[in-house]
Structures are given as C-alpha cells and as structure tokens.
There are 2 protein chains.
Amino acid sequence: MRADARRNVEGIRQAALDVFRTGGLTTPLDEVARAAGVSKGTIYHRFGSRTGLIDAVVEDLVAARIDTIIETVDALDGPLPRFEEYLRRTWLLQFDEPAANDVLMRVLPDSEPLTTLFERACHFGRRLLHEAQSAGVVRDDITPDDLVTLILERGVIVRACDQQTRDDYRRRLDFILRGLRTHR
Amino acid sequence: MRADARRNVEGIRQAALDVFRTGGLTTPLDEVARAAGVSKGTIYHRFGSRTGLIDAVVEDLVAARIDTIIETVDALDGPLPRFEEYLRRTWLLQFDEPAANDVLMRVLPDSEPLTTLFERACHFGRRLLHEAQSAGVVRDDITPDDLVTLILERGVIVRACDQQTRDDYRRRLDFILRGLRTHR
DNA sequence: TCTGTCGTTGACTGCATGGTCAAGAAGCTA
DNA sequence: TAGCTTCTTGACCATGCAGTCAACGACAGA
C-alpha cells in the first residue's frame, strides 16, 4: 500500500471515530469524508462500504464503555444494586454516546463486531437478572428478552427525544427500575 | 364549487381516513392520492398542504378513541385503577392506532385540531395523576411532565419497534405501572 | 526523469420524499 | 353546443442520502 493511501486510511479512521462519537453510526459518510479531508469515494474504495468502515472503528469506539460498565458493576455487592446499576449505567451510556446506543440497538444486525459487543453487554445483563431473580429481589416474570427490550426501547427514546435534560432522563430511569423490583 | 370537485374532496377525505388509520399521519400523500384515485396535486390544490388535509380529518380519525378512553376510565372507581387504566388504555391505543399515536406524540405541534385532541387527553391524565397522588397511591415525585413523557416515550417505541406482539407489549406495560405506585 | 500502477476525485445514478405549476381536461351556463 | 371557468394532471424542482466509476493525479521504482 502506498504511503499516501496509508495516511488516508488512518485519517479516515480517526475522522470516523470523531464523527461517529458525537453523531452515532448513522451519520452520513459525507461528514466523515469532510472531517478526514478526503472524498466519499476514497472511503468506499478503502473500506468497501459504510458497514466496512463501522466494523473497522466500532471496537475502538464502544468496547471500552461497555467493559467499564461490566467491571464497575461486577465490583458491586448485592444482587439488586448490581442489576439496577447495570441497567442504569447502560441507559445512561445510551444517552451519552450515540454510537454505543447504536450498538445496543443493533443498528447493523449483520455486522459481526457490533454483534459481539452487543452480546457481551447482554450476556452480562442476563447473568445479573438471573442472580437478582434467584435472590428474589427482581420480579420473576421478567424474561431475558424483556431485558433486551428495556434497553432497545431506551435507545429508541434517546434517539427521538433529544430535548430532555440528562437529569430528568436519569430521574425517570428510577421509575422503571422500581417497577422491576419485587415488593414484598 | 363544481360537482366533480366536491366529489373529489369527499373521496380524498375518505381515502385519508383509510390510509391514515392504518399508516399514521406521516404516510406519504401519494398513497392517499392513489387510494382516492386522484393525483397528488389535487390534494394540495384542495387542502393547501399536508397539514391542511390532516386538520380536516384528524378529528374524525382520533377524537372518538380518546373520548372512549376518558369515558370508560371515568366510570371506574378508585384512584389507582383509574390512573393505571388511563395509562394502560392510552398506551394500547398508541399501539393499535398509529394516527392516535401521532396525535399523542405531537407530530404536528402547530396544528390546532391536533393540539386540542392532545390537550383533551393530557388534561384528563393530569387530573387522574393528581387524584392518585392525593390518595397516596402513586409516587409523589411524578410530575405532569413525566406523564406526558411516559406517553411520548411509548409513542416513540411503538413507532420504532413494530415487531413485538401486542401481548408482550401489554405485559411490559405493567412493569412501568408498577414503578409508578407507592409501595408501603 | 520517466512511466506505469495505484489512488483519489466528484459528478453521477438511484431512491424516497415534500411540494409546485403550466397545460390540458372537464363541467357548467347561456 | 360554444365557450368560459374551474379542476386535475403528472412531470418537474428541491432535498438528502447511499453507493459507483471514468477520468484525472500522484507516488515510486527504473
């Protein structure tokens, strides 16, 4: 690969990280191209497709955020705090990071890196749900699918309702969490 | 107004009722035109704009559904059942009727008929919330704005997640309702 | 420096939508 | 039925996006 081409590939990756970070994975590629100082054609030439570019950056873009949640929550004690903090942090991540939200919403169901990241988050969540239900602190009629739905729904909301403040958003999360607990 | 024009206006109204009923208020006007057997231009000529057409049919399309909820719920006893049944029925209406959902989501904030319908539903909801909070059966930290948000959010979800079954959707509504109650 | 291969460009197609308007069609009245 | 007025048409413009490709440009080895 020629020197200028290598330079461009790296530039595009960086630009994609920047642009996707703030705008999510569905940002038009023209914006990435502009940010990288190349033409859209170059991106397609180098990465094959929109999905190709996303596959090339999504790990760097999102993995750390998900891993941080898993590690932080896994350090907590008590099945209820663990379960609730997992959900709370995931939901806040969705609010804060459009790209992470896109991963959790399975915006590209056919992308393997996206699926891997999504599964990592979900798998951990399922474990916590099971833990919490076994301990009797979370309703028994909540299924693993319900958990995925709760996250997916939050993603849809975050995308569509961008006017609500983070504080209000956060406050309302507690209403949902309350509804998942068992009460006597 | 010429006879054929009058015929067309009525045909367009009927077609709009049909098409909007199943597809919501954001259905492309070409579809309404096709259903009415006229061209798109005729609709614009007769109703001025997309909004003009919607204003002309939305009352017939949605008012009855909202009124039914209000009447049915108002016949119930007990602040908690009243409040919860209001929300449950509103949420189910959003699932069942895309057009009603568009009204409740304020898809056209500048349309006066839409605003009127929306306000009718919300006003009643606020009353029930107040009732329920005064009776101590619903959390005090829920604001009227939260109520609107709960409905708006459900609307966003219904629009985006069209694959979930009605039964699952309904079952999950109860999780939310549980979270709004006071427990002990 | 020359030259051929690799790389980049940006105009182009395609698609879906909202909305407009000149020209032709149709109803109505005398 | 003639002719005027009203109506309708559908091609057209504009926007925003994905993705393509022929032609031009630049690197690097000889």
Side-chain angles (χ1 to χ4, degrees), chain A residues 1-16 18-20 22-58 98-99 102 105-111 114 159-160 162, chain B residues 1-16 18-20 22-58 98-99 102 105-111 114 159-160 162:
Chain A
M1 194 186 269
R2 239 164 61 180
D4 55 340
R6 227 174 305 125
R7 235 181 0 250
N8 275 335
V9 168
E10 202 33 46
I12 292 169
R13 268 185 47 87
Q14 288 304 322
D18 269 17
V19 170
F20 286 160
T22 59
L25 303 179
T26 56
T27 312
L29 284 201
D30 305 65
E31 278 187 45
V32 178
R34 208 173 328 122
V38 301
S39 115
K40 193 173 38 160
T42 305
I43 297 182
Y44 280 97
H45 182 61
R46 286 298 153 208
F47 295 90
S49 65
R50 167 184 203 76
T51 309
L53 175 61
I54 291 173
D55 285 355
V57 298
V58 73
D102 289 335
M105 287 181 67
R106 320 252 14 229
V107 164
L108 296 165
D110 299 331
S111 158
L114 248 86
R159 278 191 154 201
D162 46 1
Chain B
M1 195 186 268
R2 237 165 60 180
D4 56 340
R6 227 174 307 127
R7 233 179 3 249
N8 276 334
V9 167
E10 203 34 45
I12 292 168
R13 269 183 47 86
Q14 288 304 323
D18 269 17
V19 171
F20 287 159
T22 58
L25 304 179
T26 56
T27 312
L29 284 200
D30 306 65
E31 278 186 45
V32 177
R34 208 173 327 122
V38 301
S39 111
K40 193 173 38 160
T42 304
I43 297 182
Y44 280 97
H45 181 61
R46 285 298 152 207
F47 295 90
S49 65
R50 167 183 205 76
T51 309
L53 175 60
I54 292 173
D55 285 354
V57 299
V58 72
D102 289 335
M105 287 182 67
R106 320 253 12 229
V107 165
L108 296 165
D110 299 331
S111 159
L114 248 85
R159 278 192 153 200
D162 46 1

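Labels below follow one simple rule: chain letters A, B, ... track the order of the sequence lines, proteins then strands, and each chain is numbered from 1. For clarity, every value in this text was computed on a predicted model and none was experimentally measured.
The separation between Leu25(A) atom CG and dA18(D) atom P is 12 Å, rounded to whole Å. The CD1-P distance, from Ile43(B) to dC7(D), rounds to 16 Å in whole Å. Separating the CD atom of Glu31(A) from the P atom of dG19(D) is a distance of 16 Å, rounded to the nearest angstrom. Atom CG of Leu108(B) and atom C1' of dG18(C) are 13 Å apart (whole Å). When the P atom of dA18(D) is taken as reference, atom CZ of Phe47(A) falls 16 Å away, rounded to whole Å. In this structure, Ile12(A) places its CD1 atom 7 Å from P of dT8(C), rounding to the nearest Å.
The Asp30(A) side chain lies nearest to dA18(D) when the options are dT9(D), dG19(C), dA18(D). Taking the side chain of His45(B) as heavy atoms from C-beta on, and the options dC7(D), dA28(D), dC27(D), the nearest nucleotide is dC7(D). Distance from the side chain of Pro28(B) is smallest to dT17(C) among dT17(C), dT9(D), dG7(C). The side chain of Lys40(A) sits closest to dG19(D) out of dG19(D), dG10(C), dC27(D). For Arg50(B), the side-chain atoms get nearest to dG18(C) when compared with the rest of dG7(C), dG18(C), dG27(C). Distances were taken from every side-chain heavy atom of Arg2(A) (C-beta onward) to each of dC27(D), dT9(C), dT17(C); the shortest belongs to dC27(D).
The backbone N or O of Val38(A) sits nowhere less than 3.5 Å from a side-chain atom of Thr42(A) that would complete a donor-acceptor pair. A donor-acceptor contact shorter than 3.5 Å is absent between the side chain of Arg159(A) and the backbone of Asp102(A).
Each of Thr26(A) and Arg7(A) was matched to the nucleotide of DNA chain D holding its nearest heavy atom; the match closer to the 5' end belongs to Thr26(A). Both Asp4(B) and Arg46(A) lie near DNA chain C, and the one whose nearest nucleotide falls closer to the 5' end is Arg46(A).
Side-chain contact between Thr22(A) and Glu31(A) is absent, with no heavy-atom pair separated by less than 4.5 Å.
Checking Arg7(A), Arg6(A), Arg2(A) one by one against Asp4(A), the salt bridge (charged side-chain N to carboxylate O under 4.0 Å, His left out) holds for a single residue, Arg2(A).
Glu10(B) and Arg13(B) are joined by a salt bridge, as a carboxylate oxygen and a charged side-chain nitrogen come within less than 4.0 angstrom of each other.
Contact annotation: Tyr44(A) does not reach the phosphate of dT20(D) (side-chain N/O to OP1 or OP2, under 4.0 Å). OP1 or OP2 of dC7(D) has not a single side-chain nitrogen or oxygen of Thr42(B) nearer than 4.0 Å. Between Arg6(B) and dG27(C) there is no side-chain polar atom (N or O) within less than 4.0 angstrom of OP1 or OP2.
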